[in-house]
Amino acid sequence: MNSASNFIPGPNQELLDAKPLRSLAPMFPAPMGAHVNQSSTPPLVCVTPVGQFPTGFGAGNLPAFGSSTTFNTTANGVFYTGASANGPIDATPISAYKTRPLGTVSLDDDDEPYSGNQITGSGRKSKRLSGLDTNGVKIKRPKQVYKNFVAGKELAFLPPSSSDPRGVVEAVHMTFEALRRRHLQLDEIQETSKRADLKAGAIMMASNIRANMGKRVGAVPGVEIGDIFYFRMELCVIGLHAPSMGGIDYMSAKFGTDEDSVAICIVAAGGYENEDEDTDTLVYSGSGGNSKNSEERHDQKLERGNLALERSLHRKNEIRVVRGFKDPFCLTGKIYIYDGLYKIQESWKERTKSGINCFKYKLLREPGQPDGAAIWKMTQGWIDNAASRGRVILPDISSGAEILPVCLVNEVDHEKGPGHFTYSNQVKYLRPHSSMKPLQGCGCHSVCLPGDASCACGQHNGGDLPYSSSGLLVCRKPIIYECGEVCNCSSNCRNRVTQKGVRFHFEVFRTASRGWGLRCWEPIRAGAFVCEYTGEVIDELKVNLDDSEDDYIFQTVCPGEKTLKWNFGPELIGEESTYALPDEFQPLPIKISAKKIGNVSRFMNHSCSPNVFWQPVQYDHGDDSHPHIMFFALKHISPMTELTYDYGVAGSESHGSGSHRTKNCFCGSSNCRGVF
DNA sequence: GTGGTTTCATGGGC
DNA sequence: CGCCCATGAAACCA
């Protein structure tokens with residue numbers, strides 16, 4: 001059932017290769033430029049030993065870590081956190097990224113990874129790679145699991161560590177996610193949940209795949225305001241907030257000759273703040289005392305984190321704030337947003353409902369920072385009431401074709417909209433489905449289950465169902481086979497994801513200089529289905545005729561490493577990598593033009609450091625040379641972040657006979673290839 | 001769905 | 001250096 005609508009013609013067709021003035025570099029500086037020999041160059045392992053707090057602060061006046069110096073960035077991209085001219089808090093932030101080969105990570109205690117690092121205050125070394133846990137129970141991390149990992153295979157996209165803190169953080173973050181998804185997939189076969197997040201975290205910790213180890217006051221290199229997370233462990237591995245459970249991260253810091261324990265980061269779970277509108281203040285409760293049974297409940301004590309917060313009030317140091325919100329797509333889930341730097345304004349004691357004395361700290365957001373949680377609240381408001389979104393040119397360019405409206409906005413100039421096209425969420429094939437090879441189906445009753453060897457669809461996908469129970473793609477594959485009409489299973493089957501269409505509030509917006517772009521009001525989780533590339537399938541025999549004037553052609557050109565390596569998790573747990581090398585990449589014959597007919601996908605711009613990737617998927621026919629082209633999130637995408645994918649490297653291939661016109665790329669990524 | 005219960009990893013502190 | 005344990009999130013169970 002094709003739902004299509006005519007779109008209002010705009011003045012001038014905006015080209016996709018419009019030159020960006022606004023560089024995406026700070027958002028996506030990416031790591032995959034240099035291809036380094038794994039055996040001689042260690043993979044990403046990042047250690048930022050914490051430096052001493054600055055000396056030289058006058059004893060009389062309490063030093064305040066000014067926000068004016070917090071975000072200083074040097075020419076080579078090295079961040080100095082909370083630095084002042086004469087006394088950087090962390091003089092060796094990212095340049096100290098120490099790398100060591102994963103393949104030689106010792107699981108015996110004789111090779112202490114960080115023995116040379118001076119770690120002050122905190123930054124304890126993990127020594128639990130082998131041995132016993134606190135109860136004398138053997139730790140459930142069998143050595144052999146880690147013994148043979150990597151072994152010369154490509155592990156993760158390798159950031160040029162010293163110059164690209166963002167790339168390091170993203171690589172670590174995505175490695176965590178890949179591990180977590182795979183563990184979840186394995187756990188779901190057993191029908192037992194074994195905390196895939198903690199498992200992934202344990203591997204990251206044991207392998208030292210972490211960013212920003214060592215604590216610091218102020219901003220964390222490579223972590224940007226608005227970044228979102230789904231598990232506490234994610235905050236941990238990227239070095240934003242060290243305690244895996246505790247809400248207050250603190251460290252001992254030097255203030256002149258004084259030493260004080262100050263808070264450096266808090267996670268506000270979001271259970272109690274009802275001061276709606278105001279996203280610049282936060283009332284945070286101290287920790288402790290809150291026991292479930294009244295016997296153990298007691299007044300909070302001024303110790304540990306509470307004491308650190310109290311000292312921070314006096315020292316006036318910046319404190320990172322991570323706010324927790326309810327995940328709109330998962331009732332029990334929570335999303336954490338890094339909301340930048342705050343300072344404590346005041347503190348007091350308060351008696352809680354359960355009758356204990358509790359410390360309260362009022363924090364004020366430092367001025368001049370980009371919006372973080374404020375964007376979240378703003379978009380949540382739009383989701384609740386789309387009419388509250390201002391600057392709307394058209395409330396729904398899909399005219400009802402999509403389940404959720406796709407609004408068109410322009411907050412930049414006076415362009416009234418993109419050129420004429422017909423909106424359709426269906427691909428228009430050259431031949432009817434009935435003439436195409438049919439897709440094989442399964443005979444599962446009710447729903448397909450992971451690990452069911454008798455499920456033909458599971459086998460067709462290589463043994464595992466490609467999606468987790470929450471609908472996230474586990475890893476990238478040459479082609480994915482969803483269950484379809486010929487299958488016996490119901491529409492509730494987890495192997496039906498992309499066929500159900502988009503679930504997000506998209507908006508087509510005017511970019512500063514790249515024409516129109518696409519972004520989303522909701523947060524998008526890594527692995528989540530985003531949208532399909534719809535349009536008209538072009539006869540490959542005729543492609544050369546009018547390609548040169550069609551800027552809306554999708555073809556399966558080999559994308560960059562970040563896309564190709566999206567499934568790099570398995571190597572870490574000793575499984576075979578399914579990663580395809582660029583020279584092994586096999587393009588598909590399918591070409592889709594969204595010039596005349598298309599959906600939101602036609603507005604996605606190119607980036608050499610993208611946040612979305614394409615993935616062939618089958619569900620309604622079996623012609624594997626002409627699959628559906630589905631887009632999935634490469635990483636967690638914050639609301640209102642432009643969605644981009646890698647258009648691929650054109651020209652070098654013999655196929656297509658140069659039909660793909662090369663364009664100059666100005667995405668601004670540190671790994672920008674220059675053309676696409 | 002919800003509320004109570006269990007388990008878990010980190011690193012501060014002794 | 002080794003041990004202890006506070007902490008609260010995530011997931012499960014009733």
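Computed over heavy atoms, backbone and side chain alike; hydrogens, waters and symmetry mates excluded. It should be emphasised that the depicted structure is a prediction, and the values quoted were computed from it without experimental measurement. The chains referred to below are lettered A, B, ... by the order of the sequence lines, with proteins before strands, and numbering in each begins at 1.
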query = Between the two end axes of the helix from B:dT2-C:dA14 to B:dC14-C:dG2, each built from 5 base pairs, what angle do you get to the nearest 10°?
reply = 20°
Selection from [options] that lies nearest to any side-chain heavy atom of [X]:
X: A:Lys215; options: B:dG12, B:dT10, C:dA10; answer: B:dG12
X: A:Ala242; options: B:dG11, C:dT7, C:dA9; answer: B:dG11
X: A:Arg304; options: B:dT10, C:dA6, B:dA9; answer: C:dA6

key: Closest contact, heavy atoms only, A:Ala211 versus A:Val169   = CB-CG2, 4.1 Å
Please report the distance, rounded to the nearest Å, between [atom1] in [X] and [atom2] in [N].
X: A:Met245; N: C:dC4; atom1: CE; atom2: P; answer: 18 Å
X: A:Lys301; N: C:dT7; atom1: NZ; atom2: C1'; answer: 14 Å
X: A:Ile203; N: B:dC8; atom1: CD1; atom2: P; answer: 16 Å
X: A:Asn212; N: B:dG11; atom1: CG; atom2: P; answer: 13 Å
X: A:His241; N: C:dT7; atom1: NE2; atom2: P; answer: 13 Å
X: A:Lys199; N: C:dA9; atom1: NZ; atom2: P; answer: 22 Å
X: A:Tyr250; N: C:dT7; atom1: OH; atom2: P; answer: 9 Å
X: A:Gln300; N: C:dA6; atom1: CD; atom2: P; answer: 15 Å

Residue mapping more 5' on DNA chain B - nearest nucleotide basis, A:Gly201 or A:Ser261 =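 Its nucleotide being nearer the 5' end, the pick is A:Gly201.
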ask   = Which of these, A:Phe504, A:Trp382, A:Trp376, sits in a ring-ring contact (aromatic ring centres under 6.0 Å, His included) with A:Trp521?
value =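 Looking at A:Phe504, A:Trp382, A:Trp376, the match for A:Trp521 under the ring-ring contact (aromatic ring centres under 6.0 Å, His included) is A:Trp382.
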ask   = Do the non-hydrogen side-chain atoms of A:Ile573 and A:His183 ever get within less than 4.5 Å of each other?
value = yes
query = Does NZ or CZ of A:Arg180 fall inside the cone over A:Phe231's six-membered ring, less than 6.0 Å from its centre and within 45° of the axis?
reply =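 Negative - A:Arg180 is either too far from the ring of A:Phe231 or too far off its axis.
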key: Aromatic A:Phe255 / basic A:Arg315 pairing, under 6.0 angstrom, 45° off normal   =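 Yes, A:Arg315 lies over the aromatic ring of A:Phe255.
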key: Sugar-phosphate only, base, or nothing, as touched by A:Gly288 at under 4.0 Å among non-hydrogen atoms   = sugar-phosphate
Short N-O contact, A:Asp227 and A:Lys635, less than 4.0 angstrom =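 A salt bridge is absent here (no side-chain N lies under 4.0 Å from a carboxylate O).
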Restricting to nitrogen or oxygen on both sides, can you table the protein-nucleotides 11-14 of chain C pairs closer than 3.5 Å?
{"unit_1": "C:dC12", "atom_1": "OP1", "unit_2": "A:Ser193", "atom_2": "OG", "d": "3.3"}

task = Kindly state whether the ring of A:Phe229 and the ring of A:His173 have centres lying under 6.0 angstrom apart.
result =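 Judged by ring-centre distance (under 6.0 Å), A:Phe229 and A:His173 do meet the cut-off.
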inquiry  = Looking at A:Asp327 and A:Thr332, would you say the former's side chain and the latter's main chain have a donor-acceptor pair under 3.5 Å?
reply    =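 No, A:Asp327 side chain to A:Thr332 backbone: no donor-acceptor pair under 3.5 Å.
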query = Hey, is NZ on A:Lys326 packed in by over 12 heavy atoms from elsewhere, all under 6.0 Å?
reply =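 At most 12 heavy atoms, drawn from other residues, nucleotides or ligands, come within 6.0 Å of this atom.
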